[in-house]
Structure formats: structure tokens, C-alpha cells
Protein chains: 2
Amino acid sequence: MSASASEKKDSTTEEKIKTAAKTVFYKKGFAATRTRDIAEEAGLNLALLNYYFRSKAKLFEIIMAETFSGFIGSMKVILDDEKTSLEQKVITIAERYIDFISIEPEIPTFILTEIRNNPEELLKKLPIKEIVNDSVFIKQFQEAVQNKEITEPNPLHFLMNLLGLVVFPFIVKPIIMGSRNLETEQFDALMQERKKKIPIWINMMFKA
Amino acid sequence: MSASASEKKDSTTEEKIKTAAKTVFYKKGFAATRTRDIAEEAGLNLALLNYYFRSKAKLFEIIMAETFSGFIGSMKVILDDEKTSLEQKVITIAERYIDFISIEPEIPTFILTEIRNNPEELLKKLPIKEIVNDSVFIKQFQEAVQNKEITEPNPLHFLMNLLGLVVFPFIVKPIIMGSRNLETEQFDALMQERKKKIPIWINMMFKA
DNA sequence: AAAATTTTTAATCATTTGATTAAAAATTTT
DNA sequence: AAAATTTTTAATCAAATGATTAAAAATTTT
């Protein structure tokens, strides 16, 4: 029973390759994966990768773009919601991202290591500055600061702390599990706990 | 003006190789570095790597071992100090680790990606379970829980939050800097701020 | 069902890359 | 300073790896 997340319509070979590429790239990163690994994971002839995607780099680009847009797209939606309060946004981010990452736990480390290896190229495709700076979230944050509801004036600290509390455990998951003999279910339970706790912690940290 | 941290006694060729290997391995990881990259960084003939260290893997092992022991050795000392309170330990960890990582900012991502690529092999060399479970810190934490000074009973949440607040910003540094046009000095200033703030945040989160 | 097109396969290529070797250069020992 | 030892170099090797090719197989179109 291997099979990672995306296990839906692997009908076409093109989709089989993409699914396999995701699995292997997520686990080992671009540099450490061999095109033969992907072909084997997909159960397909090696030449098909080049037939459908031209090159390893092109295939990687596609996986990367989809991963990015999945990851920050949902963030943008949450941060830009006019109808939710700042507090509700924190709740939603904790809830949704823990669910999202739990399904594909390798994604955070994958994104971070690939950005490390190629920051200029990858970051220019990510309009993070705009997403954050032009967001409803930032407006609400600045209002809360002005109304003295929040003690910390720098939204960067706020976001780093929030995302750190959500994402960091997934990044150190191998260390935690190896060092405390946790099973996957126990780790997942721990993260479910954090869904509730993170918004409370954030409130305690920042609420005046 | 290249030159990363360890730039002291590069007198012998052996040390030159190790310094260069650190620089390249930290930046690109094991899989993405070529032995030729290291030789070039060191300004030495490629064959010298094999002459002094037998193989790329052996050289990597040495760098890895030194990096690990530097990273968790200092942690052990702090966690095992009988003379400091829990609160003081938090202050010391924030202070020392931010200083430590600021000097060699690639280390956290390096450690995490290499553990991802080879968890069994690398983690069995790291007695993290023992360091944490048998520490004075754990004793103090459990006492504080019993005395109702701390609301959160699970030391894992406490440690993850503390280390997340310290380490996570370094891991996402490329994203932060790329997305907000920060300069290195500004990022460093941000981390200096966090030295003071993290202990306060931790108190707010966990103190009854 | 014949022809045309698309997909898949096995074999092979060219480059990259970790490693070795034998000779040259430098250093140390006698 | 001659001999022995250690260190460095240029050349080369062998295996790994991304990619291509030409033929075979499968599918679609006519």
C-alpha cells in the first residue's frame, strides 16, 4: 500500500507521470530524484517522461507551479475575506492548513528546500508581497494595532508566529517521531490538538 | 568577498576542504553538491578530496556529525542546567540559538533536509529522546505543570512552539526577504527583536 | 480493413560526476 | 644533498543519468 495523496484520476499516462513525479519530488527534492525513480514509481517506460514533458526540469516546473498555487492560493482567499474578523482568520488558517498539510505532509519541506536551491527564479513567480500587503488581513491588523487591541505592531512577527506554529511541527516531524517513538496517528492527533490551541496561543501572545 | 562563518585556521588543505564542504553542503545539500563545486570553492585540485576524505559521502558524514553536535550539544547544556529556572532556560535558548543561527543561517534548513533524505541513518546518531526526556528541563516542566504554573501539560507543544518561534523565521528567510524586499541587516534586526520577544510570548502562551 | 496517427518500448547516446592512477612537485628524513 | 615520504596535479575511468531514436504496438481516422 504505497500511494500518496493524489490518487484519483490516474487514467491517462500523463496524469500517472505527474502523480508519480509529485510523490518522488516531494520526498527527495529535485536534485536527488532520478527520472528513472519517477518512471518506476509510475510503472512506465522512462522515455515517456520526455515524450510528455520534454525534460525533468519542465516536469518539475509544472509540479512546482501547481504546488505553489495550491499552497498560497488558499492563503490568499483566507487573508482577503472581507467577512471574517482577524480572529476568525487565525482560526481558519490553523484549521485549513493543518488539514491541508496533513494530507501531503512533505509539501512544506519540499517548498522550502526548493526555494533555497533557486530563490530568484521561484520567488519571482510568487506574488507574496502583494498577497500580504494588499490583503484585508493587513488592513484589519493595522486597525487592531491602532485600536490598541494588539500589542505587536509588526505584522511580520504575527504572521511568522502563526505560520511557525502551524508549519514548523510538520517540518520537524521526522525528528519528533524518531526521538519520541511516536506513530503517525499520534502525530496526527497532536496536530489536531493544535488546531484548537494555536488560535488561543495567538490570542494570548498578541491580544492587549 | 565570499567567505562564510568558519574562516579561521584554514591553514592545512584538509581544513580548507572541510570549510569549503561546509559552505557548499549547507547551501545546496548533499544531493545537489558536486565534488567539483567543493574543490572549486576550496581552490584545490579535485583529487585532493578523495586523497584526504576517501569519498564525498565520508566527507559529508564528518561535516554532518560536527554540525549536529554543535547544534544539539549546546541545547543539551542549556536543558540540563540545574541552576537555571524554566523561565531562564527559555531566555537562554532564544538568545543563544538566534545568535548561533545568525552566524550560519543555512544550518536549520540543511539539517532538516538531510534528515528528510535519510532519517533512519541520521537520527540514530542523535540521542534526542534521551537529551529531552532525561533533562532537568523536563523535570522542571512537569513540576510547573503540577504546581499549575503552566497550563499546557504536553512538553512537546512547549518545545515545538519555542523552537518554532526561534528557528522558523530562519527557514523561511528567503521567502520573507524576497517578498518584502528586506535587506540582510533588516532581517538580522528582526531576529534581534525576537530574542527579547520570544520569552515574553512563551510566558503569555503558557503561564497560568 | 487499410491507412494514418499516436503511444509505447528497447536500445543507445552524450554528458555529468565520483573516483582512481601515475607522474610531478614539494616536503621531510637521513 | 641524497633518499624517502608526502602532497599535488593532470589525465583518465567507470558508473549514473537525462535525453534521443527508430522501430513496434496500439489507437484513431478514413
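Throughout, a chain's letter reflects where its sequence line sits, starting with A, and its residues are numbered from 1. Computed over heavy atoms, backbone and side chain alike; hydrogens, waters and symmetry mates excluded.
A donor-acceptor contact under 3.5 angstrom links the side chains of B:E15 and B:S11, judged on distance only. Looking only at atom types and distance, the side chain of A:Y26 has a donor-acceptor partner in the side chain of A:T67 under 3.5 Å away.
For B:N45 and D:dA10, the shortest distance from a side-chain N or O to OP1 or OP2 is below 4.0 Å. Residue A:S55 places no side-chain N or O under 4.0 Å from the OP1 or OP2 atom of D:dG18. Phosphate proximity of C:dT8 to A:T13: present, with a side-chain N or O under 4.0 Å from OP1 or OP2. The phosphate of D:dA19 has neither OP1 nor OP2 within less than 4.0 Å of any side-chain N or O from A:T35.
One can place CG of B:L44 at 17 Å from C1' of C:dG18, the figure rounded to the nearest angstrom. We find that CZ of A:F53 is positioned 15 Å from P of D:dT20, with the value rounded to whole Å. One interatomic measurement links the two molecules: CG of A:N50 to C1' of C:dT12, which rounds to 14 Å at whole-angstrom precision. In this structure, CG of B:L59 is placed 12 Å from C1' of C:dG18, rounded to the nearest angstrom. Rounded to a whole Å, the NZ atom of A:K28 is 14 Å from the P atom of D:dA16. The separation between A:L49 atom CG and D:dT17 atom P is 14 Å, rounded to whole Å. As a whole-Å value, the separation of A:E61 CD from D:dG18 C1' is 16 Å.
Aromatic rings from A:F110 and A:F25 are positioned such that their centres are separated by 6.0 Å or more.
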Each base of DNA chain C marked ( ) or [ ] if paired in-strand (Watson-Crick or G-U under 3.5 Å), | if paired to another strand and . if unpaired gives ||||||||||||||||||||||||||||||

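Not a single salt bridge (Lys or Arg N to Asp or Glu O under 4.0 Å) links A:K56 to another residue, sequence neighbours left out.
Put simply, the side chain of B:R34 and the base of C:dG18 share no donor and acceptor less than 3.5 Å apart.
You'll find that the side chain of A:A47 is closest to C:dT9, out of C:dT9, D:dT17, D:dT7. Here the nucleotide nearest the side chain of B:R36, chosen from C:dT17, C:dT8, D:dA19, is C:dT17. Candidate nucleotides C:dT8, C:dA19, D:dT20 were compared by shortest atom distance to the side chain of A:L48, and C:dT8 ranks first. Nearest nucleotide to the B:Y51 side chain, out of C:dT8, D:dA19, D:dT6: D:dT6.
Under a 4.0 Å N-O distance rule, the pair A:E152/B:K197 qualifies as a salt bridge.
The aromatic rings of A:F137 and A:F141 are tilted relative to each other, their planes meeting at an angle between 30° and 60°.
Contacts of B:Y52 with the nucleic acid, taken as non-hydrogen atoms under 4.0 Å apart, involve only primed sugar atoms and P, OP1 or OP2. Here B:L46 lies in heavy-atom contact (under 4.0 Å) with a base.
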Does the side chain to side chain contact (heavy atoms under 4.5 Å, CB included) test come out yes or no for A:I171 and B:F168, once each step is laid out? CA-CA 9 Å; A:I171 298 175; B:F168 188 72; 4.1 Å; yes

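At least one donor-acceptor pair closer than 3.5 Å links the side chain of A:K89 to the backbone N or O of A:D81.
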